[in-house]
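Take a look at the structure set out below.
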Amino acid sequence: MRRILVTSALPYSNGAIHLGHLLEHIQTDIWTRYQKLRGNECYYVCAEDTHGTATMLSARKQKISPEELVEQARIEHVEDFTAFGIQYDEYYTTHSSENEEIATLIYTKLQEQGTIFQRTIEQLYDPEEKCFLADRYVKGICPKCGAPDQPGDNCDACGATYSATDLLDPRSELSNAVPIIKTTTHYFFDLPQFEEFLKEWTTSGTVQTEVSNKLQEWLDGSLKPWDITRDAPYFGFRIPNSENKYFYVWLDAPIGYMASFKHWCNHSNIDFDDFWSKDSKCELHHFIGKDIINFHALFWPAVLNCAGFRTPSAVHVHGMVTVNGEKMSKSRGTFINATTFRKHFEPETLRYYYAARLSPTMADIDINFDDFVTRINSELVGKLVNIPSRCANFLRKSFNNILDSKLVDRTLFGEFAGVQPQIQDCYEQGNTRQVVRIVMGLADRVNQYLTEVAPWKLARIPGKEAEVLQICTLAINLYRTLCVYLKPIVPKLVERSEEFFGGTKLQWDDVNQPLLDHRLRDFTPLLQRIEMNQVEDMLNASKQTKSSTNEPSTTMIDITDFEKIDLRVAAVLEASLVKGADKLLELVLSIDGNKRTVFAGICEAYNPNDLVGRKVVVVANLKPRTMRFGVSEGMVLAAGPGGKDIFIVSPDDGAEEGMTVR
RNA sequence: GGCUACGUAGCUCAGUUGGUAAGAGCACAGCACUCAUAAUGCUGGGGUCGUUGGUUCAAAUCCAACCGUAGCUACCA
């Protein structure tokens, strides 16, 4: 039996869980569930990544302590992950005594090994807030192209890279003060000392070859010492024997893997050192995105090695999530939070879709929603769940739900069991795409078989009842095999199937032992089809989430952009509730005598009768939008986050309908 | 600019060490079936495997250049 510790990258406290986090945690969860199903001793730990300037500032803004912010985020994050079936053994926090202890211990070890040195550096400093500024907290005019409002590291407009001190008219994002240059002494980890070690480590099967190739770029003599210090004020752990110096968040974040596991050990009978000591025989697997390769495949193994701990057995790197072929974008509504997704879809559908796309490569994963809808409907519902559905009525009506005492066709059942080694390899390598392909191929076979033997025809012929029972017994057992194979991917769907089979949990070896002479429970639909308009609803909801935040937009538009919008005063002629809609009111507006029908999601905030006769402002040249309840020919302007807090914009007295608003 | 990947039917992808592999699913068209959540089965159209050269008896598969895409990195070779 293997002993395995698995981690996903720690989600940062200052932000909601989105589809990108979910890709990684679903991938990790599938792998972990597979290992457990195989009977391995496997633990899956994660935690909140809590430290850093962003958390500190965000807490300040909300007038709460960072600790409160972190705890609140932890609760929300766990809720999201749990909804998607992610089963951690421990989901802890980096702001813990365990983490501080281990971080301090590791730092001390690094020091003893002579890999920590001090260096005085110059950095921008906000004299009003009295704090040093990271590049992204400074904005100014690009020295190359003159674009305004550019961050301190590179220009979004022309792509130039520069240092924050080169910016023209630099301003602190925090106080708008002009930053000054100030010196400070920082502690550095002397990474170049580990070049040889890392060259060896990164080419010894610990990472995918494509990752290894990429890493050689950095390892080709271009490793630099790593600044592990941040100056106060900073939310984090103080560096021992220093004043006002804190560990950079990226030092203690990976250590959070250890701390989380330590916490878990303290509550169970597992020995921490078995897993982390230098000569550990256990496995350690990290799942991460390609954006943080350097932290996990350079800094982290070097630090562990230097501090006398074991290094990871493998770092599994996945690609980024794109939506409909593009980067997730808040304005397009494709920046989709976990909470939003699960309001509109059963989480299992995302698990399935990701699994169907994931491979051991670090290629980006695109969520194409057309593809998403058809895959769920045709593969999961149309093929897979269709199998028991095709048999259930025969079994219930004629056989009291009791399966036959033997299998009519051992070969087909044996064939299905025969692919198990192949499936195992795929899971082990993280090639769930292949698992799904194999399983769906088998599901096709069952449907073909059923069409061929046509139990519905036999059922009409007296004396053929036994054959019908044989056929259904085989089909149900083949379906059961597929359930075993898919259990790590869609655990809830399989759980519902287990209920149907009688309530016993499926085991990996069950593919060799058919269910016979056994009473099933009544069949109930296992998964609902989904529709394209659910996708549209979700994308709209994602846009609303964005506009309800209080962050002012950083995208500047010029006057010609603004002039494209034809804003008009309109009078409300009629207003009525829309049957079947939760939020919509149907408004008939008059603009200069022309009638328009406009749907507005303001039902919770306004009574239809109170609106009739009012003057409102509409976007008159908005493309007509076909909604489930009709065509909307414009948009009524309103302020507020939504729900009951919506406030319609009205012109002052004297404005007449049809007037242009500028 | 450099580096690392990738570019196969409308979409998502298989194609093992070069030799009947040009394939699957979805989508589309026709037929069949009616047990099933308008599900399923069969048949068919559709690709000069990014482009151009080269190696070879033989290339989607190896090599080179170019084009395109993505990411990393940078004006230092």
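Lettering follows sequence order; numbering is per chain, from 1.
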Check against side-chain hydrogen bond (donor to acceptor under 3.5 Å, both in side chains), D190(A) and Q193(A): CA-CA 6 Å; D190(A) 195 13; Q193(A) 286 189 29; 3.0 Å; yes

Sequence-distant partners of N401(A), side-chain hydrogen bond (donor to acceptor under 3.5 Å, both in side chains), two or more places apart: D522(A)

Pairing residues for E428(A) by the side-chain hydrogen bond (donor to acceptor under 3.5 Å, both in side chains) criterion, not counting sequence neighbours: R2(A), Q35(A)

Would you kindly give the [atom1]-to-[atom2] distance between [X] and [N], to the nearest whole Å?
| X | N | atom1 | atom2 | value |
| --- | --- | --- | --- | --- |
| K290(A) | rC3(B) | NZ | C1' | 14 Å |
| D364(A) | rU12(B) | CG | P | 13 Å |
| Q434(A) | rU16(B) | CD | P | 12 Å |
| I365(A) | rG71(B) | CD1 | P | 15 Å |
| F369(A) | rC11(B) | CZ | C1' | 16 Å |
| I438(A) | rA24(B) | CD1 | P | 17 Å |
| R357(A) | rC13(B) | CZ | C1' | 8 Å |
| D291(A) | rC72(B) | CG | P | 9 Å |

For [N] and [M], measure between their [atom1] atoms and round to the nearest Å.
| N | M | atom1 | answer |
| --- | --- | --- | --- |
| rG25(B) | rG46(B) | C1' | 15 Å |
| rG2(B) | rA60(B) | C1' | 29 Å |
| rG68(B) | rU16(B) | C1' | 28 Å |
| rC49(B) | rA39(B) | P | 35 Å |
| rA65(B) | rC3(B) | P | 10 Å |
| rG53(B) | rU69(B) | C1' | 23 Å |
| rG23(B) | rA9(B) | C1' | 10 Å |
| rC62(B) | rU8(B) | P | 15 Å |

Taking NZ, NE, NH1 and NH2 as the nitrogens, is one of them in [X] or [Y] under 4.0 Å from a carboxylate oxygen of the other?
| X | Y | result |
| --- | --- | --- |
| K290(A) | D364(A) | yes |
| K464(A) | E467(A) | yes |
| R357(A) | D366(A) | no |

Test of understanding: with salt bridge (Lys or Arg N to Asp or Glu O under 4.0 Å), list the residues that count as partners of [X], not counting sequence neighbours.
| X | result |
| --- | --- |
| D517(A) | none |
| R496(A) | E346(A) |
| K406(A) | none |
| E415(A) | R445(A) |

Nearest-nucleotide 5' precedence on RNA chain B, S359(A) against E379(A): S359(A)

R437(A) side-chain N/O to rC13(B) phosphate OP1/OP2 under 4.0 Å: no

Set of residues satisfying ring pair (Phe, Tyr, Trp, His ring centres under 6.0 Å) with respect to F399(A), sequence neighbours excluded: none

Non-neighbouring partners of H316(A) that pass ring pair (Phe, Tyr, Trp, His ring centres under 6.0 Å), sequence neighbours left out: W31(A), H285(A), F287(A)

Pair F84(A) + H25(A): ring centers closer than 6.0 Å: no

Verdict with supporting geometry, L539(A) and V535(A), side-chain contact (heavy atoms from CB on, under 4.5 Å): CA-CA 6 Å; L539(A) 296 180; V535(A) 171; 4.1 Å; yes

Close approaches to RNA chain B from residues 416-431 of chain A, in residue order (heavy atom, under 4.0 Å): none

Strand-adjacent residues in residues 462-481 of chain A, judged by heavy atoms under 4.0 Å from RNA chain B: none

Salt bridge (Lys or Arg N to Asp or Glu O under 4.0 Å) between E379(A) and K383(A), intermediate numbers included: CA-CA 5 Å; E379(A) 295 179 10; K383(A) 287 181 181 176; 5.5 Å; no

Dot-bracket pairing map - RNA chain B, Watson-Crick plus G-U, both contacts under 3.5 Å, | cross-strand: (((((((..((((.........)))).(((((.......))))).....(((((.......))))))))))))....

B/S/- contact track for nucleotides 33-42 of chain B, protein heavy atom under 4.0 Å: SSBBB-SSSS

